[in-house]
Trainee: 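Let me begin by handing over the structure; questions about it come next.
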Amino acid sequence: MSTMLHATLSSGAALAAPLDKIQAPSVGYVVLLPVFIVLGAALLGILVEAVVPRTERFVVQTSLTVLALIGAVVAVACLHGKTTTTPSPKAGSGISFIGSMAFDKTGWFLQGTILALAIVAALLMAERSVDVGGPIVAQASLVVGSPEDRRLSQTTRVQTEIFPLMLFAVAGMLVFTVSNNLILMFVALEVLSLPLYLMAGLARRRRLLSQEAAVKYFLLGAFASAFFLYGLALLYGYADSVDLPEIAKAAQNSDRSDALLFIGLALLLVGLLFKAGIAPFHSWTPDVYQGAPTPVTAFMAACTKVAAFGGILRVLYVAFHNTQNDWRPIVWAVAIASMVVGAVFGLTQTDVKRILAYSSIAHAGFILVGLVALDDEGISSVLFYLLTYGFTTLAAFGLLMMVRDSDGEATHLSQWSGLAKKSPLVAITMTVLLMSMAGIPLTSGFTGKFYVFRAAYHVAGPLVVIALVCSAIAAFFYLRIIVLMFFAEPPENAPTIAVPGWATTMALTLGVVITIFLGLFPQPIIDLAGKAAHLTA
Amino acid sequence: MTTASTISAVSADFPTHGHNVTLLILVLLPLVGSLVVFALREEQGRLAKQISLGVSLVVLVYAVVLLFGFDTGSHAKRMQYFGSWPWIKDFGVHLAFGVDGIAIVLLFMSVVLVPAVILASWNALDSKAGAEEADPAVKNKSVKNYFALLLLLEFFMIGVFTAADVFLFYVFFEAMLVPMYFIIGSFGGPRRQYAAMKFFLYSLIGGLLMLASVIGVYVSSGTGSFAIGDLVGHVPQGATGKWLFLGFFIAFAIKAPLVPFHTWLPDAGAEAPAGGAALLVGVLDKVGTFGFLRYCLPLFPSASRTFSMTIMILSVIGILYAAFLAIGQRDMKRLVAYTSVAHFGFIGIGIFAFTSQGGSGAVLYMVNHGFSTGALFIVVGLLIARGKSRNVDDYGGAAKVTPILGGLFLLTGLSALALPGMSTFISEFLVLVGTFTRHKGLAILATTGIILAAIYVLYLYQRTFQGTVSEKVKKFRDVNPREILAVAPLLALIVFLGVYPKPILDVINPAVKATLVDVHKQDPTPVYGTADGARK
């Protein structure tokens, strides 16, 4: 921002001389290709809603979404060489939008991860074989329980606007993870959050619960965004700039009191930690995860977490690297709080979706442990964990969609008793995923945990021990589900196992294969994450 | 046997490079067999059993060939058949396999037990003659899954004993819990869910503590590798060493089990199917004591010395406490599980007495206990299959109706109480002599455990096989050839090794001496008397 001001002023001063070429600000459109693809598809999706007849809308929207995401992944794969370290007149050609975006290696990795996870989530959203019309509501604006609502819920009609909403959210996430500038980060945060608030309310079954979840998410999220903005304002007051590198410089050189800096950071972190679902800002997670339609929950659990941690990584490592001794205790405290809350509160839950929600809070705590390490290994361990955890979570929620009774999904634990007798395949798949979340060796979850703990051990030995203890506690409720599935008797009105369509089957297979593969042969992805551990300073 | 001046010429170092694939093949054989059996259909139960038996016999023959090929000469390498390949380069993890004298005899014991268990469990899941206590709630047990799980368990067992990389060892150590958990939980007795959960969580918590120590060892050694050859000698001793030792120790103490970490074993042993219980107690528990010898002692010599007295006291308490509990048990499988806890006390004092007799005795004890208690569980399982009850009071006078079963039971029981002529006597004697040279009081206390063992074994035999014949017992049928075939080889080995233990001891002794070198301890100098009574 300030650089643009300078450019304008200097060009203004040069007007006295014979007309020089006006210095165009460097925007770097090429590296923004993935974002443009996704945004373009989202806008096209809105047009589709207006133009395409209702009967064809669903197929067109889903194909558009999936193709756009695949296109974006291909674009990331082709462009990831253009990073901030490639030479150019300015600091690097990876710097785009006049320095407000930094496409470094970590940013590319995060974008690739978000897009890959979003493809799987979109496939889950497109699933219509397990229920009439699928998991998304027929028409969201209808009053719950009205005759029209009841009539439409029996048809295959779907509120297909969810797909462009999802693409907008993905676009926001893509920008969020590479923004080098706090105001851009805030804009991206809003772009990614607002569609999510809407998507949480679009469940076909138990609509009231879903709408309640949406309102809760919106209210709490609005507060969190406000905190973020306030923190941003304070940081601008301290550093005279909203660029992350400038803030870092200001923190290093300043003789002023650091109170403004740290209060600003604290408020900023409130907003970021809320998005990531970290205690003590986690209270929205169980309710929203439970109420939202399951594919949307999967999307939130996977992609939003990646984006949120990308933002936290960037803020802490780039802007506040020099002041780490001051904020490290805070990260310790919230990491311990998350792990303990997730592990202990998960023990008493009786709803599978809520169990997975608390487990995601605990996992967020584990990822924070890796973040404490503050070196390249810390970054690469966090990236690896996000990738593996995202795929495992997507597959777990996808499996949830298949266990149904007359009311919709059968998510109460008692309904999962004896599932292995009905469908050994579902039970074994769920067991593999749960063991990965518990951190049993030979699964990707174990490799991720090991990587994170090893990175953190030098600087945070006690934190690693606490993390291991919380893993042991959390293992109990994962185990309880496995015990129930295999060793208990089915209840009287046992749920049925719906046969999924090809989209969900593909999504589940991918999730499970990655979970097992990265447990046995993690080296290639570890290499990838290791090379990606480079944030622009 | 040995004097202070004899230091083994065996090289005390663990290797770091090698390309011998023998052990890799041995490890993979049961895995392949297990996957094949898993892939069968439910109706092919008979084929599943035949394939499992075949695979386990092939593995047995292979392992025996390796055992005979093991070099026991005075200049033999400590770790043989060594092969190492990089697995996860960034973590410094290798796929490394190798066996020393201790590992190969335990390996031999495991691969002998598995076919015996398969033979004994042949009809255990059929609802007719062979099934265990019929829990009407558990219907339609999957035969092929049970045998596939047994083979999968064998894969992990062999992996644990042959792993020469600490990370790989940890992976096998933890992964071993999964098939055992399903064996207990799916095919066990009425309280199987509780027992399976307790077993898994206890072992998992121990495993997580060990993981903390594994990471700590890796980080503090600074070698960037998990291969045992790279780590020995590079781990800092002192306060860090003590904490890291405790992490490993607690995990192994839970597995062993050492009092007071033993409470999972009686439940798991009682609820598991007899074949599963035989493997649980025969092999899985040995992993704990093997871990002491292979990881605690070489990596943390000074911490081992510091804690040795405490550990020995806990072991002696275990011997006496568990023996008393066994005497009072009415549930037969629980009784055998408690005897196991008592026996592990002996192994514990043998290891931590730091004498070569004690160490060799302890390793031999592990092998013998595997055969003896494994056979005992199998025989108890045969009895329970006939009486459909685990309670001792439901039996009586069975020796008149099933004399051969009675004979097998008596022989197995006598081996459990270490009758001279059985291999268990040799090992118990060695352990006690080895302990006595250093800690007289503890050895004396431990010896009373032998008397207690006699009480609980003979009491058990008397109540079930002697006395008046009860109505139920009159209908028992005696053992058929298959059941004899399951137990007889184990008994034959017990008797053979009781008369001629030299071959096994030749393999064990060099490895034990090398371990003593690792701990920087020597055998105490024996005191010689002279003809006129003066002391030298």
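Below, all heavy atoms of this structure are taken into account, side chains as well, without hydrogens, waters or symmetry copies.
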Trainee: Mind checking the OH-CG spacing from A:Tyr478 to B:Leu204? Nearest 0.5 Å is all I need.
Mentor: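 Nearest 0.5 Å value for the OH-CG distance: 12.0 Å.
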
Trainee: What is the minimum heavy-atom distance between A:Gln523 and B:Lys89, and which atoms define it?
Mentor: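 Shortest heavy-atom separation between A:Gln523 and B:Lys89 comes out as OE1-N, 2.8 Å.
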
Trainee: side-chain contact (heavy atoms from CB on, under 4.5 Å), that's the test. Do B:Phe200 and A:Val483 meet it? Break it down for me.
Mentor: CA-CA 11 Å; B:Phe200 194 90; A:Val483 166; over 6 Å; no

Trainee: What's the spacing between B:Ile205 CD1 and A:Ile473 CD1 if we round to 0.5 Å?
Mentor: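 Between B:Ile205 CD1 and A:Ile473 CD1, I get 8.5 Å after rounding to 0.5 Å.
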
Trainee: Check each atom of B:Phe172 against the heavy atoms of chain A and say whether the ones under 4.5 Å are side chain, backbone, both or neither.
Mentor: neither

Trainee: Just say parallel, tilted or perpendicular for the rings of A:Phe450 and B:Phe167, cut-offs at 30° and 60°.
Mentor: perpendicular

Trainee: Which heavy atom of A:Tyr457 sits nearest a heavy atom of B:Ala212, and at what distance?
Mentor: OH-O, 3.7 Å

Trainee: Just checking A:His412: does its NE2 atom have more than 12 heavy atoms from other residues, nucleotides or ligands closer to it than 6.0 angstrom?
Mentor: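 More than 12 heavy atoms, drawn from other residues, nucleotides or ligands, come within 6.0 Å of this atom.
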
Trainee: Who among B:Val178, B:Val171, B:Leu177 has the most heavy-atom pairs with chain A under 4.5 Å?
Mentor: B:Val171

Trainee: How long is the gap from OH on B:Tyr181 to CG on A:Leu479, to the nearest 0.5 Å?
Mentor: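 It is 4.0 Å, given to the nearest 0.5 Å.
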
Trainee: Grab the two heavy atoms, one from A:Gly519 and one from B:Trp87, that are nearest each other, plus how far apart they are.
Mentor: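 Result for this residue pair: O-CZ2, 4.2 Å.
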
Trainee: Passes side-chain contact (heavy atoms from CB on, under 4.5 Å), A:Val465 versus B:Trp243? Steps please.
Mentor: CA-CA 12 Å; A:Val465 175; B:Trp243 283 108; over 6 Å; no

Trainee: With a 4.5 angstrom heavy-atom cut-off, could you sort out which part of A:Ala488 is near chain B: side chain, backbone, both or neither?
Mentor: both

Trainee: Hey, does B:Met197 have a side-chain heavy atom less than 4.5 Å from the side chain of A:Phe487?
Mentor: no

Trainee: Supply the atom-to-atom distance A:Tyr451 OH to B:Ile88 CD1, rounded to the nearest 0.5 angstrom.
Mentor: 10.5 Å

Trainee: In terms of relative ring orientation, are A:Phe486 and B:Phe182 parallel, tilted or perpendicular, with 30° and 60° separating the classes?
Mentor: perpendicular

Trainee: Who among A:Val464, A:Val469, A:Leu520 has the most heavy-atom pairs with chain B under 4.5 Å?
Mentor: A:Leu520

Trainee: Which bit of A:Ile440 is near chain B, if near means a heavy-atom gap under 4.5 Å: side chain, backbone, both or neither?
Mentor: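 Only the side chain of A:Ile440 comes within 4.5 Å of chain B.
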
Trainee: Nearest 0.5 angstrom please: B:Tyr218 OH to A:Arg454 CZ, how far?
Mentor: 4.0 Å

Trainee: Output the distance between atom CZ (B:Phe91) and atom CD1 (A:Ile526), rounded to the nearest 0.5 Å.
Mentor: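 Rounded to the nearest 0.5 Å, the CZ-CD1 separation comes to 3.5 Å.
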
Trainee: Out of B:Leu209, B:Leu201, B:Ile215, B:Asp90, return the one with the most heavy atom pairs under 4.5 angstrom to chain A.
Mentor: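 If we count pairs closer than 4.5 Å to chain A, B:Asp90 comes out on top.
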
